[in-house]
Protein chains: 2
Amino acid sequence: MDETKEHLYPIKWLTKASAGDRVASELRMRIISGKIESGTILSENKLAADFAVSRSPVREALKTLAAENIIRLERMGAVVIGLTEKEIEEIYDVRLLIETFVFERLAQMNVNVLVNELSKILEMMKVAIKYQDADEFSYQDVLFHETIIRAIDHSYMLMIWNNLKPVMESFILLSMRVRIKEKYEDFTRIIKNHELYIEAIKTKDRTLMIKSLHKNFDDVQGKVEDLWRSQQLLVKGEEQEND
Amino acid sequence: MDETKEHLYPIKWLTKASAGDRVASELRMRIISGKIESGTILSENKLAADFAVSRSPVREALKTLAAENIIRLERMGAVVIGLTEKEIEEIYDVRLLIETFVFERLAQMNVNVLVNELSKILEMMKVAIKYQDADEFSYQDVLFHETIIRAIDHSYMLMIWNNLKPVMESFILLSMRVRIKEKYEDFTRIIKNHELYIEAIKTKDRTLMIKSLHKNFDDVQGKVEDLWRSQQLLVKGEEQEND
DNA sequence: TCAAGTATACTTGTATACAAGTATTATATC
DNA sequence: GATATAATACTTGTATACAAGTATACTTGA
(Lines give C-alpha, C1' and ligand atoms only; values in the text may rest on other atoms or scores of the structure.)
Protein backbone atom coordinates (compact mmCIF):
# COMPACT_ATOMS: atom_id res chain seq x y z
CA MET A 1 0.00 0.00 0.00
CA ASP A 2 2.42 2.63 1.24
CA GLU A 3 5.21 2.21 -1.25
CA THR A 4 7.45 5.02 0.01
CA LYS A 5 9.60 3.59 2.75
CA GLU A 6 10.64 6.31 5.14
CA HIS A 7 13.15 4.16 6.96
CA LEU A 8 12.69 5.67 10.37
CA TYR A 9 15.16 3.10 11.61
CA PRO A 10 18.79 3.69 10.58
CA ILE A 11 19.44 1.49 7.57
CA LYS A 12 23.09 0.98 8.37
CA TRP A 13 22.15 -0.67 11.66
CA LEU A 14 20.49 -3.41 9.66
CA THR A 15 23.38 -4.53 7.52
CA LYS A 16 23.40 -8.13 8.68
CA ALA A 17 19.80 -8.26 9.85
CA SER A 18 17.20 -10.65 8.53
CA ALA A 19 14.04 -9.48 6.80
CA GLY A 20 12.17 -10.29 10.00
CA ASP A 21 14.43 -8.03 12.03
CA ARG A 22 14.15 -5.29 9.46
CA VAL A 23 10.37 -5.41 9.55
CA ALA A 24 10.38 -5.48 13.34
CA SER A 25 12.74 -2.51 13.61
CA GLU A 26 10.86 -0.38 11.13
CA LEU A 27 7.46 -1.30 12.49
CA ARG A 28 8.64 -0.55 16.01
CA MET A 29 9.77 2.89 14.98
CA ARG A 30 6.52 3.62 13.24
CA ILE A 31 4.53 2.53 16.26
CA ILE A 32 6.62 4.41 18.80
CA SER A 33 6.74 7.53 16.67
CA GLY A 34 3.00 7.43 16.44
CA LYS A 35 3.01 7.08 12.67
CA ILE A 36 1.03 3.94 13.26
CA GLU A 37 -1.50 4.93 15.87
CA SER A 38 -2.33 3.00 18.99
CA GLY A 39 -5.38 0.83 18.43
CA THR A 40 -4.61 0.12 14.81
CA ILE A 41 -5.09 -3.48 13.76
CA LEU A 42 -2.21 -4.88 11.80
CA SER A 43 -2.74 -7.64 9.28
CA GLU A 44 0.04 -10.05 8.43
CA ASN A 45 -0.88 -10.00 4.79
CA LYS A 46 -1.03 -6.23 4.53
CA LEU A 47 2.27 -5.85 6.32
CA ALA A 48 3.86 -8.43 4.07
CA ALA A 49 2.63 -6.48 1.06
CA ASP A 50 3.76 -3.16 2.55
CA PHE A 51 7.25 -4.39 3.27
CA ALA A 52 7.42 -6.49 0.13
CA VAL A 53 8.26 -9.67 2.00
CA SER A 54 6.39 -12.88 2.71
CA ARG A 55 4.36 -13.58 5.79
CA SER A 56 7.15 -15.57 7.47
CA PRO A 57 9.34 -12.63 8.44
CA VAL A 58 6.26 -10.57 9.26
CA ARG A 59 5.02 -13.19 11.70
CA GLU A 60 8.45 -13.27 13.27
CA ALA A 61 8.41 -9.49 13.62
CA LEU A 62 4.95 -9.46 15.17
CA LYS A 63 5.98 -12.06 17.71
CA THR A 64 8.98 -9.95 18.63
CA LEU A 65 6.93 -6.79 19.02
CA ALA A 66 4.37 -8.63 21.09
CA ALA A 67 7.12 -9.77 23.46
CA GLU A 68 8.17 -6.13 23.72
CA ASN A 69 4.67 -5.18 24.70
CA ILE A 70 4.05 -2.62 21.95
CA ILE A 71 1.51 -4.78 20.14
CA ARG A 72 -0.94 -7.40 21.38
CA LEU A 73 -1.55 -10.56 19.38
CA GLU A 74 -5.23 -11.42 19.24
CA ARG A 75 -7.24 -14.01 17.44
CA MET A 76 -7.82 -11.66 14.58
CA GLY A 77 -4.98 -9.31 13.86
CA ALA A 78 -2.35 -7.65 16.00
CA VAL A 79 -3.52 -4.63 17.97
CA VAL A 80 -1.07 -1.76 18.35
CA ILE A 81 -0.48 -0.74 21.96
CA GLY A 82 2.21 1.86 21.43
CA LEU A 83 3.86 4.01 24.05
CA THR A 84 1.74 6.29 26.14
CA GLU A 85 3.05 8.33 29.03
CA LYS A 86 2.12 5.42 31.28
CA GLU A 87 4.21 2.91 29.37
CA ILE A 88 7.19 5.22 29.29
CA GLU A 89 7.02 5.63 33.04
CA GLU A 90 6.77 1.89 33.42
CA ILE A 91 9.81 1.34 31.28
CA TYR A 92 11.73 3.71 33.48
CA ASP A 93 10.47 1.86 36.54
CA VAL A 94 12.09 -1.23 35.15
CA ARG A 95 15.28 0.56 34.24
CA LEU A 96 15.50 2.05 37.69
CA LEU A 97 14.93 -1.38 39.16
CA ILE A 98 17.54 -3.23 37.17
CA GLU A 99 20.15 -0.51 37.21
CA THR A 100 19.82 -0.21 40.96
CA PHE A 101 20.27 -3.93 41.28
CA VAL A 102 23.25 -3.80 38.96
CA PHE A 103 24.80 -1.04 40.98
CA GLU A 104 24.65 -3.11 44.15
CA ARG A 105 26.58 -5.83 42.38
CA LEU A 106 29.06 -3.39 40.93
CA ALA A 107 29.74 -2.10 44.43
CA GLN A 108 31.27 -5.49 45.19
CA MET A 109 33.35 -5.68 42.06
CA ASN A 110 36.43 -4.23 40.50
CA VAL A 111 35.02 -1.61 38.16
CA ASN A 112 38.23 -0.32 36.56
CA VAL A 113 37.65 -1.96 33.21
CA LEU A 114 34.02 -0.89 33.18
CA VAL A 115 34.76 2.72 34.04
CA ASN A 116 37.33 2.81 31.28
CA GLU A 117 34.84 1.40 28.82
CA LEU A 118 32.20 3.91 29.87
CA SER A 119 34.61 6.78 29.49
CA LYS A 120 35.27 5.70 25.95
CA ILE A 121 31.58 5.58 25.17
CA LEU A 122 31.11 8.99 26.69
CA GLU A 123 33.81 10.40 24.41
CA MET A 124 31.99 8.87 21.49
CA MET A 125 28.80 10.54 22.61
CA LYS A 126 30.56 13.88 22.73
CA VAL A 127 31.82 13.46 19.21
CA ALA A 128 28.35 12.48 18.05
CA ILE A 129 26.98 15.69 19.52
CA LYS A 130 29.74 17.73 17.93
CA TYR A 131 28.70 16.46 14.52
CA GLN A 132 24.99 16.58 15.36
CA ASP A 133 24.64 12.88 14.71
CA ALA A 134 21.53 11.98 16.69
CA ASP A 135 21.53 8.36 15.60
CA GLU A 136 25.10 7.76 16.63
CA PHE A 137 24.48 9.54 19.90
CA SER A 138 21.47 7.35 20.62
CA TYR A 139 23.45 4.26 19.80
CA GLN A 140 26.19 5.18 22.23
CA ASP A 141 23.69 6.20 24.87
CA VAL A 142 21.98 2.82 24.73
CA LEU A 143 25.35 1.10 24.62
CA PHE A 144 26.39 3.00 27.74
CA HIS A 145 23.65 1.48 29.82
CA GLU A 146 23.95 -1.93 28.25
CA THR A 147 27.65 -1.96 29.07
CA ILE A 148 26.89 -1.31 32.71
CA ILE A 149 24.33 -4.09 32.82
CA ARG A 150 26.56 -6.57 31.02
CA ALA A 151 29.32 -5.91 33.53
CA ILE A 152 27.71 -7.93 36.30
CA ASP A 153 27.28 -11.03 34.14
CA HIS A 154 23.71 -11.79 35.15
CA SER A 155 21.89 -13.55 32.36
CA TYR A 156 18.38 -12.80 33.59
CA MET A 157 19.04 -9.10 34.10
CA LEU A 158 20.39 -9.13 30.59
CA MET A 159 17.25 -10.90 29.48
CA ILE A 160 15.12 -8.09 30.85
CA TRP A 161 17.36 -5.56 29.21
CA ASN A 162 17.12 -7.36 25.89
CA ASN A 163 13.36 -7.12 26.05
CA LEU A 164 13.46 -3.47 26.91
CA LYS A 165 16.29 -2.39 24.68
CA PRO A 166 14.61 -2.20 21.27
CA VAL A 167 11.79 -0.02 22.57
CA MET A 168 14.20 2.15 24.54
CA GLU A 169 16.42 2.49 21.53
CA SER A 170 13.59 3.55 19.26
CA PHE A 171 12.30 5.99 21.80
CA ILE A 172 15.69 7.55 22.41
CA LEU A 173 16.37 7.68 18.70
CA LEU A 174 13.19 9.60 17.97
CA SER A 175 13.64 11.84 20.96
CA MET A 176 17.24 12.71 20.17
CA ARG A 177 16.55 13.45 16.53
CA VAL A 178 14.19 16.19 17.53
CA ARG A 179 16.28 17.48 20.36
CA ILE A 180 19.55 17.72 18.50
CA LYS A 181 17.94 20.33 16.30
CA GLU A 182 15.69 22.14 18.70
CA LYS A 183 17.22 21.75 22.11
CA TYR A 184 20.88 21.43 21.52
CA GLU A 185 21.73 22.57 25.03
CA ASP A 186 20.02 19.47 26.45
CA PHE A 187 22.97 17.39 25.41
CA THR A 188 25.46 19.08 27.67
CA ARG A 189 23.17 18.19 30.54
CA ILE A 190 22.89 14.59 29.38
CA ILE A 191 26.64 14.31 29.14
CA LYS A 192 27.00 15.75 32.61
CA ASN A 193 24.55 13.19 33.97
CA HIS A 194 26.49 10.39 32.42
CA GLU A 195 29.68 11.73 33.89
CA LEU A 196 27.99 11.72 37.27
CA TYR A 197 26.95 8.15 36.67
CA ILE A 198 30.49 7.08 35.89
CA GLU A 199 31.70 8.93 38.96
CA ALA A 200 29.13 7.11 41.08
CA ILE A 201 30.31 3.77 39.78
CA LYS A 202 33.94 4.66 40.28
CA THR A 203 33.48 5.85 43.85
CA LYS A 204 30.72 3.32 44.52
CA ASP A 205 28.57 6.11 45.83
CA ARG A 206 25.04 4.78 45.95
CA THR A 207 23.29 8.09 46.58
CA LEU A 208 25.11 9.73 43.72
CA MET A 209 24.15 6.89 41.45
CA ILE A 210 20.48 7.06 42.33
CA LYS A 211 20.60 10.80 41.94
CA SER A 212 22.14 10.70 38.48
CA LEU A 213 19.77 7.95 37.46
CA HIS A 214 16.77 9.97 38.52
CA LYS A 215 18.17 13.08 36.89
CA ASN A 216 18.48 11.14 33.71
CA PHE A 217 14.85 10.14 33.94
CA ASP A 218 13.59 13.58 34.78
CA ASP A 219 15.56 14.86 31.89
CA VAL A 220 13.88 12.50 29.50
CA GLN A 221 10.53 12.14 31.13
CA GLY A 222 9.78 15.79 31.68
CA LYS A 223 10.33 16.49 28.03
CA VAL A 224 8.74 13.37 26.73
CA GLU A 225 5.33 14.64 25.89
CA ASP A 226 6.12 17.66 23.78
CA LEU A 227 9.06 16.05 22.09
CA TRP A 228 7.01 13.11 21.26
CA ARG A 229 4.21 15.24 19.94
CA SER A 230 6.55 17.20 17.73
CA GLN A 231 7.82 13.90 16.42
CA GLN A 232 4.30 12.85 15.69
CA LEU A 233 3.64 16.04 13.79
CA LEU A 234 6.85 15.61 11.92
CA VAL A 235 5.93 12.13 10.85
CA LYS A 236 2.37 13.03 10.02
CA GLY A 237 3.76 15.74 7.76
CA GLU A 238 5.78 13.18 5.88
CA GLU A 239 2.73 11.02 5.58
CA GLN A 240 0.74 13.75 3.88
CA GLU A 241 3.52 14.32 1.41
CA ASN A 242 3.14 10.79 0.19
CA ASP A 243 -0.56 10.87 -0.38
CA MET B 1 14.04 -40.26 16.30
CA ASP B 2 12.66 -40.64 19.80
CA GLU B 3 9.16 -41.80 19.02
CA THR B 4 8.01 -42.31 22.62
CA LYS B 5 6.67 -38.99 23.79
CA GLU B 6 6.93 -38.73 27.54
CA HIS B 7 4.85 -35.58 27.78
CA LEU B 8 6.66 -34.09 30.73
CA TYR B 9 4.37 -31.11 30.33
CA PRO B 10 0.75 -31.67 31.42
CA ILE B 11 -1.21 -32.40 28.26
CA LYS B 12 -4.41 -30.90 29.56
CA TRP B 13 -2.71 -27.52 29.86
CA LEU B 14 -2.28 -27.55 26.12
CA THR B 15 -5.88 -27.96 25.02
CA LYS B 16 -6.09 -24.80 22.97
CA ALA B 17 -2.38 -24.40 22.34
CA SER B 18 -0.78 -24.28 18.92
CA ALA B 19 1.76 -26.81 17.76
CA GLY B 20 4.42 -24.20 18.35
CA ASP B 21 3.38 -23.76 21.97
CA ARG B 22 3.23 -27.49 22.47
CA VAL B 23 6.74 -27.95 21.15
CA ALA B 24 7.99 -25.05 23.26
CA SER B 25 6.38 -26.38 26.44
CA GLU B 26 7.63 -29.90 26.00
CA LEU B 27 11.08 -28.84 24.93
CA ARG B 28 11.30 -26.49 27.89
CA MET B 29 10.46 -29.29 30.27
CA ARG B 30 13.02 -31.59 28.73
CA ILE B 31 15.69 -28.93 28.96
CA ILE B 32 14.92 -27.90 32.53
CA SER B 33 14.59 -31.48 33.71
CA GLY B 34 17.98 -32.19 32.23
CA LYS B 35 16.66 -34.78 29.85
CA ILE B 36 18.18 -32.62 27.15
CA GLU B 37 21.55 -31.72 28.53
CA SER B 38 23.06 -28.27 28.57
CA GLY B 39 25.36 -27.80 25.61
CA THR B 40 23.30 -29.95 23.26
CA ILE B 41 22.84 -28.49 19.80
CA LEU B 42 19.27 -28.61 18.60
CA SER B 43 18.48 -28.81 14.92
CA GLU B 44 15.23 -27.47 13.56
CA ASN B 45 14.88 -30.38 11.20
CA LYS B 46 15.55 -33.02 13.85
CA LEU B 47 13.12 -31.39 16.26
CA ALA B 48 10.48 -31.18 13.57
CA ALA B 49 10.93 -34.88 12.91
CA ASP B 50 10.92 -35.69 16.63
CA PHE B 51 7.70 -33.83 17.29
CA ALA B 52 6.15 -34.81 13.97
CA VAL B 53 5.49 -31.22 12.94
CA SER B 54 6.95 -28.94 10.31
CA ARG B 55 9.77 -26.50 10.84
CA SER B 56 7.43 -23.53 11.24
CA PRO B 57 6.19 -24.31 14.75
CA VAL B 58 9.64 -25.51 15.72
CA ARG B 59 11.19 -22.21 14.71
CA GLU B 60 8.53 -20.44 16.70
CA ALA B 61 9.27 -22.59 19.73
CA LEU B 62 12.99 -22.01 19.48
CA LYS B 63 12.49 -18.27 19.30
CA THR B 64 10.35 -18.45 22.42
CA LEU B 65 12.88 -20.52 24.34
CA ALA B 66 15.66 -18.19 23.26
CA ALA B 67 13.73 -15.23 24.68
CA GLU B 68 13.42 -17.21 27.92
CA ASN B 69 17.16 -17.65 28.00
CA ILE B 70 17.23 -21.44 28.16
CA ILE B 71 18.62 -21.83 24.67
CA ARG B 72 20.89 -19.62 22.60
CA LEU B 73 20.28 -19.20 18.88
CA GLU B 74 23.51 -19.32 16.93
CA ARG B 75 24.37 -19.30 13.28
CA MET B 76 24.32 -23.05 13.19
CA GLY B 77 21.82 -24.65 15.51
CA ALA B 78 20.36 -23.72 18.86
CA VAL B 79 22.60 -24.36 21.85
CA VAL B 80 20.91 -25.51 25.04
CA ILE B 81 21.74 -23.37 28.06
CA GLY B 82 19.47 -24.99 30.63
CA LEU B 83 19.18 -24.17 34.29
CA THR B 84 22.23 -24.40 36.46
CA GLU B 85 22.32 -23.32 40.07
CA LYS B 86 23.46 -19.91 38.85
CA GLU B 87 20.46 -19.40 36.59
CA ILE B 88 18.04 -20.45 39.29
CA GLU B 89 19.54 -17.94 41.67
CA GLU B 90 19.30 -15.31 38.98
CA ILE B 91 15.65 -16.07 38.38
CA TYR B 92 14.98 -15.61 42.08
CA ASP B 93 16.90 -12.35 41.99
CA VAL B 94 14.44 -11.14 39.41
CA ARG B 95 11.45 -12.46 41.32
CA LEU B 96 12.65 -10.78 44.46
CA LEU B 97 13.12 -7.59 42.53
CA ILE B 98 9.73 -7.48 40.89
CA GLU B 99 7.76 -8.76 43.85
CA THR B 100 9.39 -6.19 46.08
CA PHE B 101 8.47 -3.51 43.60
CA VAL B 102 4.95 -4.85 43.40
CA PHE B 103 4.65 -4.84 47.15
CA GLU B 104 5.50 -1.16 47.33
CA ARG B 105 2.69 -0.45 44.95
CA LEU B 106 0.30 -2.71 46.81
CA ALA B 107 1.05 -0.79 49.96
CA GLN B 108 -0.66 2.20 48.37
CA MET B 109 -3.68 0.31 47.17
CA ASN B 110 -6.82 -1.32 48.40
CA VAL B 111 -5.87 -4.96 48.59
CA ASN B 112 -9.17 -6.48 49.74
CA VAL B 113 -10.03 -8.04 46.41
CA LEU B 114 -6.51 -9.32 45.96
CA VAL B 115 -6.32 -10.86 49.42
CA ASN B 116 -9.61 -12.59 48.79
CA GLU B 117 -8.36 -13.93 45.48
CA LEU B 118 -5.15 -15.16 47.07
CA SER B 119 -7.05 -16.91 49.84
CA LYS B 120 -9.03 -18.77 47.24
CA ILE B 121 -5.88 -19.86 45.44
CA LEU B 122 -4.37 -20.97 48.73
CA GLU B 123 -7.41 -23.15 49.40
CA MET B 124 -6.97 -24.67 45.98
CA MET B 125 -3.36 -25.41 46.79
CA LYS B 126 -4.39 -27.17 49.97
CA VAL B 127 -6.82 -29.35 48.07
CA ALA B 128 -4.17 -30.15 45.50
CA ILE B 129 -1.87 -31.30 48.29
CA LYS B 130 -4.62 -33.37 49.85
CA TYR B 131 -5.02 -35.28 46.62
CA GLN B 132 -1.29 -35.32 45.94
CA ASP B 133 -1.79 -33.51 42.66
CA ALA B 134 1.62 -31.95 42.06
CA ASP B 135 0.67 -30.46 38.72
CA GLU B 136 -2.41 -28.72 40.05
CA PHE B 137 -0.43 -27.52 43.04
CA SER B 138 2.23 -26.05 40.78
CA TYR B 139 -0.38 -24.39 38.65
CA GLN B 140 -1.95 -22.69 41.64
CA ASP B 141 1.43 -21.77 43.07
CA VAL B 142 2.41 -19.98 39.88
CA LEU B 143 -1.02 -18.41 39.67
CA PHE B 144 -0.63 -17.13 43.22
CA HIS B 145 2.37 -15.04 42.33
CA GLU B 146 0.99 -14.00 38.97
CA THR B 147 -2.16 -12.74 40.67
CA ILE B 148 -0.11 -10.56 42.95
CA ILE B 149 1.84 -9.11 40.06
CA ARG B 150 -1.24 -8.51 37.93
CA ALA B 151 -2.85 -6.60 40.78
CA ILE B 152 -0.74 -3.49 40.28
CA ASP B 153 -1.58 -3.20 36.59
CA HIS B 154 1.94 -2.54 35.39
CA SER B 155 2.41 -3.79 31.86
CA TYR B 156 6.19 -3.91 31.94
CA MET B 157 6.36 -5.77 35.24
CA LEU B 158 3.92 -8.18 33.69
CA MET B 159 6.18 -8.40 30.66
CA ILE B 160 9.08 -9.49 32.83
CA TRP B 161 6.85 -12.00 34.56
CA ASN B 162 5.67 -13.38 31.24
CA ASN B 163 9.24 -14.01 30.24
CA LEU B 164 10.03 -15.67 33.52
CA LYS B 165 6.82 -17.59 34.01
CA PRO B 166 7.26 -20.54 31.66
CA VAL B 167 10.65 -21.40 33.08
CA MET B 168 9.45 -20.94 36.64
CA GLU B 169 6.43 -23.05 35.95
CA SER B 170 8.47 -25.89 34.50
CA PHE B 171 10.92 -25.75 37.33
CA ILE B 172 8.24 -25.75 40.01
CA LEU B 173 6.38 -28.51 38.23
CA LEU B 174 9.38 -30.80 38.18
CA SER B 175 10.34 -29.92 41.71
CA MET B 176 6.88 -30.49 43.13
CA ARG B 177 6.42 -33.81 41.39
CA VAL B 178 9.40 -35.19 43.22
CA ARG B 179 8.63 -33.55 46.52
CA ILE B 180 5.01 -34.57 46.74
CA LYS B 181 6.20 -38.15 46.91
CA GLU B 182 9.40 -37.86 48.88
CA LYS B 183 9.04 -34.81 51.03
CA TYR B 184 5.40 -34.46 51.72
CA GLU B 185 5.98 -32.39 54.85
CA ASP B 186 7.55 -29.65 52.72
CA PHE B 187 4.13 -28.64 51.57
CA THR B 188 2.85 -27.59 54.97
CA ARG B 189 5.79 -25.25 55.14
CA ILE B 190 5.09 -23.87 51.68
CA ILE B 191 1.47 -23.27 52.61
CA LYS B 192 2.55 -21.53 55.78
CA ASN B 193 4.85 -19.26 53.79
CA HIS B 194 2.07 -18.32 51.46
CA GLU B 195 -0.18 -17.57 54.40
CA LEU B 196 2.53 -15.30 55.71
CA TYR B 197 2.71 -13.63 52.34
CA ILE B 198 -1.01 -12.97 52.31
CA GLU B 199 -0.78 -11.64 55.83
CA ALA B 200 2.00 -9.30 54.80
CA ILE B 201 -0.08 -7.94 51.95
CA LYS B 202 -3.12 -7.56 54.14
CA THR B 203 -1.30 -5.71 56.88
CA LYS B 204 1.08 -4.02 54.42
CA ASP B 205 3.96 -5.17 56.53
CA ARG B 206 7.06 -4.81 54.40
CA THR B 207 9.43 -6.70 56.66
CA LEU B 208 7.06 -9.62 56.90
CA MET B 209 6.71 -9.68 53.16
CA ILE B 210 10.45 -9.69 52.54
CA LYS B 211 10.82 -12.36 55.18
CA SER B 212 8.22 -14.66 53.68
CA LEU B 213 9.61 -14.05 50.23
CA HIS B 214 13.08 -15.01 51.34
CA LYS B 215 11.74 -18.00 53.23
CA ASN B 216 10.06 -19.10 50.07
CA PHE B 217 13.35 -18.89 48.24
CA ASP B 218 15.37 -20.63 50.88
CA ASP B 219 12.78 -23.31 50.88
CA VAL B 220 13.16 -23.87 47.19
CA GLN B 221 16.74 -22.93 46.68
CA GLY B 222 18.26 -24.93 49.47
CA LYS B 223 16.67 -28.05 48.14
CA VAL B 224 17.13 -27.32 44.51
CA GLU B 225 20.23 -29.29 43.83
CA ASP B 226 19.25 -32.69 45.17
CA LEU B 227 15.68 -32.42 43.98
CA TRP B 228 16.84 -31.52 40.62
CA ARG B 229 19.35 -34.33 40.56
CA SER B 230 16.76 -36.84 41.56
CA GLN B 231 14.59 -35.53 38.79
CA GLN B 232 17.42 -36.00 36.38
CA LEU B 233 17.92 -39.56 37.51
CA LEU B 234 14.24 -40.18 37.25
CA VAL B 235 14.15 -38.94 33.71
CA LYS B 236 17.30 -40.72 32.73
CA GLY B 237 15.73 -43.89 34.01
CA GLU B 238 12.76 -43.40 31.77
CA GLU B 239 15.09 -42.80 28.91
CA GLN B 240 16.82 -46.13 29.37
CA GLU B 241 13.50 -47.92 29.43
CA ASN B 242 12.85 -46.73 25.95
CA ASP B 243 16.10 -47.87 24.42
C1' DT C 1 -37.50 -2.40 6.50
C1' DC C 2 -35.67 -6.05 9.06
C1' DA C 3 -34.13 -10.98 10.17
C1' DA C 4 -31.93 -15.09 9.04
C1' DG C 5 -28.98 -17.63 6.55
C1' DT C 6 -25.57 -18.19 3.01
C1' DA C 7 -21.65 -16.85 0.30
C1' DT C 8 -17.42 -14.57 0.16
C1' DA C 9 -13.30 -12.61 1.54
C1' DC C 10 -10.57 -12.31 5.00
C1' DT C 11 -7.86 -14.38 9.14
C1' DT C 12 -4.27 -17.53 11.43
C1' DG C 13 -1.48 -21.78 11.82
C1' DT C 14 1.07 -25.21 9.53
C1' DA C 15 3.39 -27.64 5.76
C1' DT C 16 6.36 -27.55 2.04
C1' DA C 17 9.63 -25.68 -1.39
C1' DC C 18 13.57 -23.30 -2.50
C1' DA C 19 17.80 -20.47 -2.31
C1' DA C 20 21.98 -19.12 -0.26
C1' DG C 21 25.35 -20.15 2.80
C1' DT C 22 28.40 -23.20 5.91
C1' DA C 23 30.53 -27.34 7.79
C1' DT C 24 32.16 -31.80 6.67
C1' DT C 25 33.88 -35.27 4.11
C1' DA C 26 36.10 -37.27 0.35
C1' DT C 27 39.20 -36.98 -3.32
C1' DA C 28 43.13 -35.57 -5.75
C1' DT C 29 47.73 -33.78 -5.75
C1' DC C 30 52.16 -33.15 -3.88
C1' DG D 1 51.13 -38.89 4.95
C1' DA D 2 49.80 -34.00 4.55
C1' DT D 3 47.52 -30.35 2.18
C1' DA D 4 44.47 -28.23 -1.03
C1' DT D 5 40.32 -28.53 -3.47
C1' DA D 6 35.88 -30.22 -4.75
C1' DA D 7 31.59 -32.60 -3.69
C1' DT D 8 28.05 -33.38 -0.47
C1' DA D 9 25.06 -32.97 3.27
C1' DC D 10 23.65 -30.14 6.30
C1' DT D 11 22.10 -25.33 8.01
C1' DT D 12 19.04 -21.04 8.13
C1' DG D 13 15.88 -17.62 6.11
C1' DT D 14 12.20 -16.75 3.06
C1' DA D 15 8.41 -17.68 -0.12
C1' DT D 16 4.43 -20.04 -1.18
C1' DA D 17 0.54 -23.29 -0.59
C1' DC D 18 -3.14 -24.97 1.87
C1' DA D 19 -6.57 -25.95 5.52
C1' DA D 20 -9.59 -24.57 9.08
C1' DG D 21 -11.85 -21.04 11.15
C1' DT D 22 -14.07 -16.21 11.58
C1' DA D 23 -16.01 -11.82 10.28
C1' DT D 24 -18.36 -9.24 6.69
C1' DA D 25 -21.48 -8.55 3.27
C1' DC D 26 -25.00 -9.94 0.61
C1' DT D 27 -29.12 -12.22 -0.62
C1' DT D 28 -33.44 -14.13 0.31
C1' DG D 29 -37.65 -14.25 2.69
C1' DA D 30 -41.13 -12.09 5.42
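No hydrogens, no waters, no symmetry mates; every other heavy atom, side chains included, goes into these values. Numbers restart at 1 for each chain; the letters A, B, ... are given by sequence-line order, proteins then strands.
The phosphate of C/dA15 has OP1 or OP2 within less than 4.0 Å of a side-chain N or O from B/S54. At least one side-chain nitrogen or oxygen of A/N45 sits closer than 4.0 Å to the OP1 or OP2 atom of C/dT11. Residue A/R55 has no polar side-chain atom (N or O) positioned under 4.0 Å from OP1 or OP2 of D/dA15. The side chain of B/S43 contributes no N or O atom lying less than 4.0 Å from OP1 or OP2 of D/dC10.
One interatomic measurement links the two molecules: CD of B/E74 to C1' of D/dG13, which rounds to 17 Å at whole-angstrom precision. Counting to the nearest Å, the P atom of D/dT12 and the CG atom of A/D21 are 16 Å from each other. At whole-Å resolution of the value, CZ in B/R59 and P in D/dA15 are 12 Å apart. For the pair A/E44 CD and C/dA9 P, the computed distance is 21 Å after rounding to whole Å. One interatomic measurement links the two molecules: CD of B/E60 to C1' of C/dT12, which rounds to 11 Å at whole-angstrom precision. Residue A/I41 contributes atom CD1, which lies 13 Å from atom C1' of D/dT22 at whole-angstrom precision. The distance between atom CZ of A/R22 and atom P of D/dA15, rounded to the nearest whole Å, is 10 Å. Put simply, NZ on A/K63 is 14 Å from C1' on C/dT12, counting in whole angstrom units.
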What does the list of N/O pairs under 3.5 Å between the protein and nucleotides 21-25 of chain C look like, with a distance for each?
none

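When each of A/E68, A/E89, A/E87, A/R95 is tested with B/Y156 by the rule side-chain contact (heavy atoms from CB on, under 4.5 Å), just one qualifies, namely A/E87.
Judged purely by distance below 3.5 Å, without hydrogens or angles, the side chains of B/T64 and A/K63 pair a donor atom with an acceptor atom.
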Can you list the steps and then say if B/D50 with B/R30 is a salt bridge (Lys or Arg N to Asp or Glu O under 4.0 Å)? CA-CA 13 Å; B/D50 274 16; B/R30 293 190 193 179; 5.1 Å; no
Under the criterion side chain to side chain contact (heavy atoms under 4.5 Å, CB included), I'd like the reasoning laid out for B/V58 against B/L42: C-alpha separation, chi angles, the key distance, then a yes or no. CA-CA 11 Å; B/V58 170; B/L42 301 173; over 6 Å; no
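Enclosure of atom NZ in A/K120 is not indicated, since only 12 or fewer non-hydrogen atoms of other residues, nucleotides or ligands lie within 6.0 angstrom. Within 6.0 Å of the CD1 atom in A/I41, the count of heavy atoms belonging to other residues, nucleotides or ligands does not exceed 12. The neighbour count for B/Y139 OH, taken as heavy atoms of other residues, nucleotides or ligands under 6.0 Å away, does not exceed 12.
At the heavy-atom level, B/S56 lies under 4.0 Å from base atoms of the strands shown.
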